[in-house]
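Just below is one structure, and these are the notes that go with it.
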Amino acid sequence: MIKLDVWLTLPSGESVKAGTLVVADPDNVSGVLPGQFRYAPDYLEHPRALPLDPLHLPLSADIFDADRPHAGVHGVFEDSLPDDWGRRLLVRHYKLGREDQRIPQLLHLLGNQGLGALSYVEEGRPDLKTTGVPLRHLQELALLVERFEQDVAVDDDELSLLFQAGSSPGGARPKALVKDKSGAYLAKFASAGDQLDVVSLEAAAMELGRRAGIETADTRLLSLGSRKCLLVKRFDINEAGGRNHLISMQSLLKADGYYYAGYRDLAEVIRHVSTQPGQDIQRLYRQMVFNVMIGNTDDHLKNFLILHNDEGWRLSPAFDLVPNIGFNREHVLRIGYDNRLPDLETLLQEAGHFGLKRRQQALKVIMEVHEAVSEWSTVFAACNVPERDAESIGRDINQRLKETKPAPFV
């Protein structure tokens, strides 16, 4: 059995014990992990207490069963863990066998090093500090990432900096947590298997998103000799040094394994959760239109977060806006009734589900995004996207722009 206290760091910087996770040992035959969570009585009395999952973990003295047999914990807690890249580092760092790589064990090892506001300890109070290594180590980190990915013989002592910086970020691509006096960042590096300059392409897409009126995480593209790095400002840490709690749309929708979800489902969650639902569902619509035009087909549920700050629950700034580098024209999330590439009429028909009741309102958003994305070649050049990559991705973007071109542009 694993028993972990869950601590929440509030936007003010105060850390409070929110509750306790208990996960039984797995069944010897099925491997099922029965798990439960219960809020701490003192937390329920705290004036700033918030539900860790506003849909599935309301503030109550009840015991909440996880009902996730392969994880043993509610989705909001698994959101603290990294996906492929960070888990590989955790496995290497702690030399974990397969039976030691279950979610509860990984949360114990992660402790207070995750993104977001949650920390996990067996006992005592977590020593919360801004995670990451100084920004001056970026060049060294880029080299270590390359060596780790290529399985070059390297001992754990040499990888210690990478373990310190890279065990918590999610996603499959190489990344690390870094910081300097101006703030904390997620550093994103090229992967050994890249066929395109994904780092520059993401930098360009994020800039196009800002020009299209999307609230995005701040980014900065850096040159590290022959390598590149994209710095993404962390929005889980506020200016006061406190934390903003995060939960993914995947957890809010309880969408484990293969799922069949669409942007409408996200809008419905926002209506139930957000303190400013009207604004947030229209922000989501604009991002959906942008994803269509830029070809960001990897629009999965973990790429959409709900953030809790001093305003309450809000849709987080956009992140991981990347053009269609895999040339998969089918979006992960449905737009309308299927996953096929939508055209202008599809985007207009969907607008009513996002609070845009008049066709003219939707057209205005589409026109603004279309105008911004049409400048892709200028932005790609400013972000030093290689000419061959720009031509390859640009053909897809131009086709999408053609299929979503609003009538006033004709």
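Being a predicted model, the structure only gives us computed values, none of them experimental. Worth knowing before you read on, the calculation uses all heavy atoms, side chains too, and leaves out hydrogens, waters and symmetry mates.
The side chain to side chain donor-acceptor pair (under 3.5 Å) pairs that include a residue from residues 380-389 number zero, where partners must be two or more places apart or lie in different chains.
No donor-acceptor pair under 3.5 Å is formed between the side chain of Asp62 and the backbone N or O of Phe64. Under a 3.5 Å cut-off, the side chain of His300 and the backbone N or O of Val332 do not form any donor-acceptor pair. Not one N or O on the side chain of His108 forms a donor-acceptor pair closer than 3.5 Å with the backbone of Leu4. Checked by atom type and distance alone, the side chain of Asp236 pairs as donor or acceptor with a backbone atom of Gly116 at under 3.5 Å. The backbone N or O of Val178 lies less than 3.5 Å from no partner atom in the side chain of Arg234, so there is not a single donor-acceptor pair. Gln361 places no side-chain N or O within donor-acceptor distance of the main-chain N or O of Leu356, the cut-off being under 3.5 Å. Under the 3.5 Å distance criterion, the side-chain polar atoms of Asn303 are matched with a main-chain donor or acceptor of Asp298. Checked by atom type and distance alone, the side chain of Arg283 pairs as donor or acceptor with a backbone atom of Leu315 at under 3.5 Å. In terms of modelled atom types and a separation under 3.5 Å, the side chain of Lys357 and the main chain of Gly352 share a donor-acceptor contact. Judged by distance alone, the side chain of Asp180 and the main-chain N or O of Gly183 form a donor-acceptor pair under 3.5 Å.
Ion pairing of Glu78 with Arg68 is present here, as a side-chain N (NZ or NE/NH1/NH2) and a carboxylate O approach within less than 4.0 Å. Under the 4.0 Å criterion applied to side-chain N and carboxylate O atoms, Asp5 and Arg125 are not assigned as salt-bridge partners. Using a 4.0 Å cut-off between charged nitrogen and carboxylate oxygen, Lys95 and Asp100 do not count as a salt-bridge pair. A salt bridge links Glu268 to Arg271: at least one charged side-chain nitrogen sits closer than 4.0 Å to a carboxylate oxygen. The residues Arg211 and Glu207 are annotated as salt-bridged, a charged nitrogen and a carboxylate oxygen being separated by less than 4.0 angstrom.
With hydrogens and angles left out, the side-chain atoms of Gln105 and Gln101 include no donor and acceptor closer than 3.5 Å. Checking Arg38 against Thr20 by side-chain atom types alone, no donor-acceptor pair falls below 3.5 Å. Side-chain contact annotation: Asp280 with Ser274, donor-acceptor N/O pair under 3.5 Å present. A donor-acceptor pair shorter than 3.5 Å can be found between the side chains of Thr219 and Arg210.
The minimum heavy-atom distance between Pro58 and Pro51, with the atom names listed, is CA-CB, 4.2 Å. The minimum heavy-atom distance linking Ile294 with Ala205 is given by the pair CG1-CB, 4.5 Å. Contact detail for Leu252 and His56: the closest heavy-atom pair is O-NE2, 2.9 Å. Minimum heavy-atom separation, Ala184 to Ile237: CB-CD1, 3.8 Å. Closest heavy-atom contact between Leu301 and Ala255: CD1-CB, 3.6 Å. The heavy-atom pair separating Ala165 from Leu141 by the smallest distance is CB-CD2, 3.9 Å.
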(message) Working note: Leu110 + Ser80, criterion side-chain contact (heavy atoms from CB on, under 4.5 Å); need CA distance, chi angles, decisive distance, verdict.
(response) CA-CA 8 Å; Leu110 185 73; Ser80 298; 4.1 Å; yes

(message) Would Leu307 and Trp313 count as a side-chain contact (heavy atoms from CB on, under 4.5 Å) here? Give the steps.
(response) CA-CA 6 Å; Leu307 172 151; Trp313 295 103; over 6 Å; no

(request) Output, in order, the C-alpha distance, side-chain angles, deciding distance and verdict of side-chain contact (heavy atoms from CB on, under 4.5 Å) for Val232 and Asp218. (result) CA-CA 6 Å; Val232 183; Asp218 293 337; over 6 Å; no

(request) Apply salt bridge (Lys or Arg N to Asp or Glu O under 4.0 Å) to Lys188 and Glu202, showing your working. (result) CA-CA 10 Å; Lys188 309 183 80 169; Glu202 182 174 352; 2.9 Å; yes

(message) Between Arg102 and Asp25, is the salt bridge (Lys or Arg N to Asp or Glu O under 4.0 Å) condition met? List the steps.
(response) CA-CA 10 Å; Arg102 299 184 180 95; Asp25 294 331; over 6 Å; no

(request) Report the C-alpha separation of Leu253 and Leu266 in whole Å, then their side-chain angles, then the decisive distance to 0.1 Å, and conclude whether the side-chain contact (heavy atoms from CB on, under 4.5 Å) test is met. (result) CA-CA 8 Å; Leu253 286 167; Leu266 275 63; 4.2 Å; yes

(request) With salt bridge (Lys or Arg N to Asp or Glu O under 4.0 Å) as the test, would you mind laying out the steps for Glu14 and Arg48 before giving the verdict? (result) CA-CA 10 Å; Glu14 177 189 4; Arg48 300 294 298 277; over 6 Å; no

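If you take CG on Asn296 and CE on Met288, they are separated by 13.0 Å, rounding to the nearest 0.5 Å. Taken to the nearest 0.5 Å, the NZ atom of Lys402 stands 16.0 Å off from the CD1 atom of Ile397. Atoms CG and CD, from Leu321 and Gln287 in turn, are 5.5 Å apart once rounded to the nearest 0.5 Å. The line from CG of Asp299 to CZ of Arg334 is 12.0 Å long, rounded to the nearest 0.5 Å. Separating the CD1 atom in Ile306 from the CE atom in Met249 is a distance of 4.0 Å, to the nearest 0.5 Å. Taking CD1 of Ile270 as the reference point, atom CZ of Arg314 lies at 9.5 Å (rounded to 0.5 Å).
In this structure Tyr43 satisfies the ring-ring contact (aromatic ring centres under 6.0 Å, His included) test together with Tyr39, sequence neighbours excluded. Listed by chain and residue number, Trp85, Leu162, Pro174, Phe189 satisfy the side-chain contact (heavy atoms from CB on, under 4.5 Å) test with Val145 (two or more places apart in sequence, or in another chain).
Outside the 6.0 Å centre-distance limit, the rings of Tyr263 and Phe354 are not counted as a close aromatic pair.
Using a 4.5 Å heavy-atom threshold, the side chains of Leu144 and Glu140 count as touching. The shortest side-chain heavy-atom distance between Leu10 and Arg243 does not fall under the 4.5 Å cut-off. No side-chain heavy atom of Lys179 sits less than 4.5 Å from a side-chain heavy atom of Leu135. Within the 4.5 Å cutoff, the side chain of Leu246 has heavy atoms near those of the Phe235 side chain. Taking the side chain as every heavy atom from C-beta outward, Val198 and Ser191 never approach each other to under 4.5 Å. Within the 4.5 Å cutoff, the side chain of Ser248 has no heavy atoms near those of the Val76 side chain. Within the 4.5 Å cutoff, the side chain of Leu57 has heavy atoms near those of the Phe77 side chain. In this structure the side chain of Leu8 never reaches within 4.5 angstrom of the side chain of Lys17, judged on heavy atoms.
At least one cation-pi condition fails for Arg92 and Phe148: the charged atom is not both under 6.0 angstrom from the six-membered ring centre and inside a 45 degree cone around its axis.
Within a 6.0 Å radius of CD in Gln195, other residues, nucleotides and ligands contribute 12 heavy atoms or fewer.
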